[in-house]
Amino acid sequence: MMKFTAIANANIALVKYWGKRNKELILPQNSSISVTLDGLNAVTTVEFDDKYDKDIFILNGKEQTENELERVISTLNIVRDLANIQTKAKVSSNNNFPTAAGLASSAAGGAAIALAATKAAGLDFSKEKLSIIARRNSGSASRSVEGGFVEWLKGEKEDGSDSFGKQIAIEDHWPEFRIIATILTTKEKKIKSRVGMAKTVENCPYYKCWLASIDEDLDKVRKGILEKDFTTVGQIAEQNAIKLHALMFTTKPAIIYWLPETLKMVHLIPEWREQGLECYFTIDGGPQVKIICLEKDVEEIKKRLSDINEIKEIHVSKPGSAAKTIEEHLF
Ligand code: DP6
């Protein structure tokens, strides 16, 4: 047995995942498309060793209990089954961005643990298989195993064997593509995506419309990425995010992640567009606004963002690489 460390980047969905058809296996109701984000990552070290009498999980230096620990144990159990071992493990993970504030930290962490744990258990899996393991940690993690632009195929099979992240284009395909993540608050969100999406599937009257319109969004964004058609990708991604939040607003009880500062950005970005600065927004399960733009406009957008007092921090990412193992361990 050995110790392995993996690094995986976060991702931002351009066509969102919202709702499961199987909660146990984390199988989605719809496919989704994301871009892996360079520089926003999780580093995770896993060691299986007889010296541990229980699984331990440390996140950003703090020992975790309850939900966070259970999620890690469930991934370790999947890996132990596959490797046919019973050994307990220590897992330590560090994110370089705020956890649970709508920046898909679970995606980076889920992909990193899938890679580090399988390697530490002596397994050497394809990206497809790793993505399936990551998916069962957190749905969006299935997309962070790959780099560049990725589609998480919803799959048809009951066992989930055809539901994994598949690369649409490598990170160098569209090197000018940028995501500017603006951090408006570092407070943890109140409603976890997992809980919110289950409620939407259960009682949102518009969920059927979402599912009926998703294939068109997927086709346009996939094609737009391949043709580097920025206007199409930006327009569809922004509309898809608005549709997602319309679902959230109309779920009972309502899921409202937007803060006043979120709404301010939602008004500003289309205004900037009218002024000739082509950029679009997207928002996940939190208040942060991510701006989709091209490299040539980053400086101008940053200048404008610096006038908005509510913004605490920004991160500019280009398309990032796939999850990989590294030599430096966290313990
Ligand atoms: C709004 O992947 O965090 O960010 O599968 O329950 O772990 P679980 O949920 P998670 O949900 C992400 C939702 C989203 C949209 C997206 O990333 O596609």
Side-chain angles (χ1 to χ4, degrees), residues 8-37 40 42 67-68 70-72 74-75 95 97-114 131-146 149-155 160 163-165 179 181 188-202 204 207 210-211 214 217-218 221 236-238 240-249 251 255-258 262 281-290 292:
N9 287 312
N11 70 73
I12 290 292
L14 301 169
V15 179
K16 309 291 186 188
Y17 146 57
W18 196 251
K20 297 176 176 67
R21 67 172 199 279
N22 179 324
K23 288 183 193 160
E24 158 79 18
L25 293 175
I26 310 198
L27 295 173
Q29 292 269 1
N30 65 270
S31 298
S32 53
I33 293 179
S34 62
V35 56
T36 303
L37 300 178
L40 293 175
N67 287 353
E68 299 303 323
E70 273 157 32
R71 194 185 283 219
V72 159
S74 87
T75 297
N95 294 326
F97 53 93
T99 304
L103 261 173
S105 58
S106 64
I113 193 179
S131 173
I132 289 174
I133 296 170
R135 187 199 78 217
R136 294 185 60 185
N137 182 281
S138 181
S140 52
S142 66
R143 301 185 307 238
S144 270
V145 167
E146 267 292 7
F149 297 85
V150 183
E151 178 162 4
W152 171 16
L153 304 168
K154 74 177 160 86
S163 182
F164 52 81
I179 297 284
E188 299 218 350
K189 66 187 177 195
K190 288 197 204 85
I191 308 162
K192 301 254 183 221
S193 304
R194 186 159 297 187
V195 176
M197 67 174 78
K199 282 279 169 219
T200 301
V201 175
E202 202 181 289
C204 175
Y207 193 60
W210 164 264
L211 291 178
I214 206 86
D217 290 357
L218 289 163
V221 169
I236 303 294
E238 188 177 285
N240 185 267
I242 295 170
K243 275 196 283 188
L244 169 73
H245 286 268
L247 290 183
M248 293 167 170
F249 294 160
T251 293
I255 306 160
I256 306 176
Y257 289 119
W258 294 16
T262 314
F281 65 82
T282 185
I283 306 167
D284 287 305
Q288 327 293 7
V289 175
K290 292 101 184 183
I292 306 165

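Reckoned from all heavy atoms, side chains included, excluding hydrogens, waters and symmetry mates. The structure presented is a predicted model; accordingly, all values stated were derived computationally and were not measured. Indexing begins at 1, ligand by ligand and atom by atom, following the structure's order.
- Distances below 4.0 Å separate heavy atoms of Arg71 from the following atoms of ligand 1: 7 (O).
- Looking at Arg194 next to ligand 1, an N or O pair under 3.5 Å apart turns up.
- Residue contact check: Lys20 has heavy atoms under 4.0 Å from atoms 5 (O), 6 (O), 8 (P) of ligand 1.
- Less than 4.0 angstrom separates some heavy atom of Met197 from each of these atoms of ligand 1: 9 (O), 11 (O).
- With Pro28, Gly196, Ser138, Gly285 as candidates, the residue nearest to atom 7 (O) of ligand 1 on a non-hydrogen basis is Ser138.
- Listed by number with element, the atoms of ligand 1 under 4.0 Å from a non-hydrogen atom of Lys16 are 18 (O).
- Atoms of ligand 1 lying under 4.0 Å from any heavy atom of Ser140, numbered from 1 in the order shown and given with element: 2 (O), 3 (O), 10 (P), 17 (O).
- Inclusion of Arg143 in the set of residues having an N or O under 3.5 Å from an N or O of ligand 1 is warranted.
- Residue Ile26 touches ligand 1 through its side chain alone, judged by heavy-atom distances below 4.0 Å.
- With a 6.0 Å radius and a threshold of 12 heavy atoms from other residues, nucleotides or ligands, Lys20 has its NZ atom above the threshold.
- Atoms of ligand 1 lying under 4.0 Å from at least one heavy atom of Trp18, given by number and element, are 1 (C).
- For ligand 1 and Gly139, the ligand atoms under 4.0 Å from any heavy atom of the residue are 2 (O), 5 (O), 7 (O), 8 (P).
- Heavy atoms of Arg135 found under 4.0 angstrom from ligand 1: none, in either backbone or side chain.
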